[in-house]
Engineer: 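Submitted below is the structure of interest, expressed as structure tokens.
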Amino acid sequence: MPGGWRIAATGEFSGGNQNDLVLQHTDGSVAFWIMNGTTVLQKPVPYKIPTDWSIVGADDFNRDGQVDIVLQRTDGSVAFWLMKGTRIIEGREVPYKVPAGWQIIGTGNFNGDDHADIVLQNSDGAVAFWFLEGTRIVSGIEPYKLPPGWQIRACGDYDSDRNTDLVLSHEDGSVAIWLLDGTAIKAGSIVARLDDPGWEVTGPR
């Protein structure tokens, strides 16, 4: 990956039943890598956003079968790009903010209602879930707190039970998976260790 770029989200943006990558550059440029497995087929760069906005997740928020993108601003503002493939149909800044100290980490279905929800983590390790209907917050809970040194890195269904699970990494390089039932932790285990400090888990997200 060229310097200045980071993987910001993953999702099926090309309609090919393959997970594609969304990248963001430090200058605000946004790129989509259209994938075939692990092979990059295309590298379109259609957009540029202000540098105080970050892409923080991707999911189908309006339930039209298309993966959408959620963004967070440094002041806590939240916006959604409602997408058709890699084309923005509507950009929507919503009338709520992420509180200071919190960061949107990823998305998934955490209450079983088939609406995409959002998971957040505080700098003190607290974890919260926003339950959404479309782009509107219906409710939220803050059920637990991560031990020091741990960070949520990705969301995905890792035991095929149709519940979104969490991938975490520790500052010592350990990688763990929490298997969830809704927001309740069913099981957790360390599954790998990144011995090279230059690597980090970035997706799926």
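As a basis for the values below, the full set of heavy atoms in this structure was taken, side chains included, without hydrogen atoms, waters or symmetry mates.
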Engineer: Between V67 and M83, is any pair of side-chain heavy atoms under 4.5 Å apart?
Structural biologist: no
Engineer: Can you give me the closest heavy-atom contact between G108 and D59, atom names plus distance?
Structural biologist: N-OD2, 3.5 Å
Engineer: What is the minimum heavy-atom distance between S54 and Q24, and which atoms define it?
Structural biologist: CA-OE1, 3.5 Å
Engineer: Can you tell me how far apart CD (Q42) and CD1 (I34) are? Round to the nearest 0.5 Å.
Structural biologist: 6.0 Å
Engineer: Just how far is it from atom CD1 of I118 to atom CZ of F61, taken to the nearest 0.5 Å?
Structural biologist: 5.0 Å
Engineer: Can you tell which of D161, D181, N163 makes a side-chain hydrogen bond (donor to acceptor under 3.5 Å, both in side chains) with K186?
Structural biologist: D161
Engineer: Which atoms form the tightest heavy-atom contact between D20 and W33, and what is the distance?
Structural biologist: CB-O, 3.3 Å
Engineer: What I'd like to find out is whether the side chain of Y47 reaches to under 4.5 Å of the side chain of R87, using heavy atoms alone.
Structural biologist: yes
Engineer: What's the spacing between D165 CG and W178 CH2 if we round to 0.5 Å?
Structural biologist: 12.0 Å
Engineer: Please answer whether the main-chain N or O of N17 pairs with a side-chain N or O of E12 as donor and acceptor at a distance below 3.5 Å.
Structural biologist: yes
Engineer: Report yes if the side chains of V30 and I49 come closer than 4.5 Å at any heavy-atom pair, otherwise no.
Structural biologist: yes
Engineer: Testing N19, D68, V22 for side-chain contact (heavy atoms from CB on, under 4.5 Å) with F13, which one passes?
Structural biologist: V22
Engineer: Say whether, by atom type as modelled, one donor and one acceptor occur between the side chain of T51 and the main chain of G28 under 3.5 angstrom.
Structural biologist: no
Engineer: For P143 and A128, work out which heavy atoms get closest and say how close.
Structural biologist: CD-CA, 4.4 Å
Engineer: Under a 4.5 Å cut-off applied to non-hydrogen side-chain atoms, are V119 and C155 in contact?
Structural biologist: yes
Engineer: Indicate the atoms forming the closest heavy-atom contact of I55 with A9, along with that distance.
Structural biologist: CG2-CB, 4.2 Å
Engineer: Nearest 0.5 Å please: distance from the CG atom of L180 over to the CD1 atom of I185.
Structural biologist: 6.5 Å
Engineer: Check step by step if side chain to side chain contact (heavy atoms under 4.5 Å, CB included) holds for E93 and S77.
Structural biologist: CA-CA 8 Å; E93 186 171 344; S77 299; 3.6 Å; yes
Engineer: Work out which heavy atom in N109 is nearest to a heavy atom in H115; give both atom names and the distance.
Structural biologist: OD1-O, 3.5 Å
Engineer: Return the OG1 to CD1 distance between T107 and I105, rounded to the nearest 0.5 Å.
Structural biologist: 11.5 Å
Engineer: For D172 and H170, test the side chains for any donor-to-acceptor distance below 3.5 angstrom and give the result as yes or no.
Structural biologist: yes
Engineer: I177 and side-chain contact (heavy atoms from CB on, under 4.5 Å): which single residue from V167, L166, L168 fits?
Structural biologist: V167
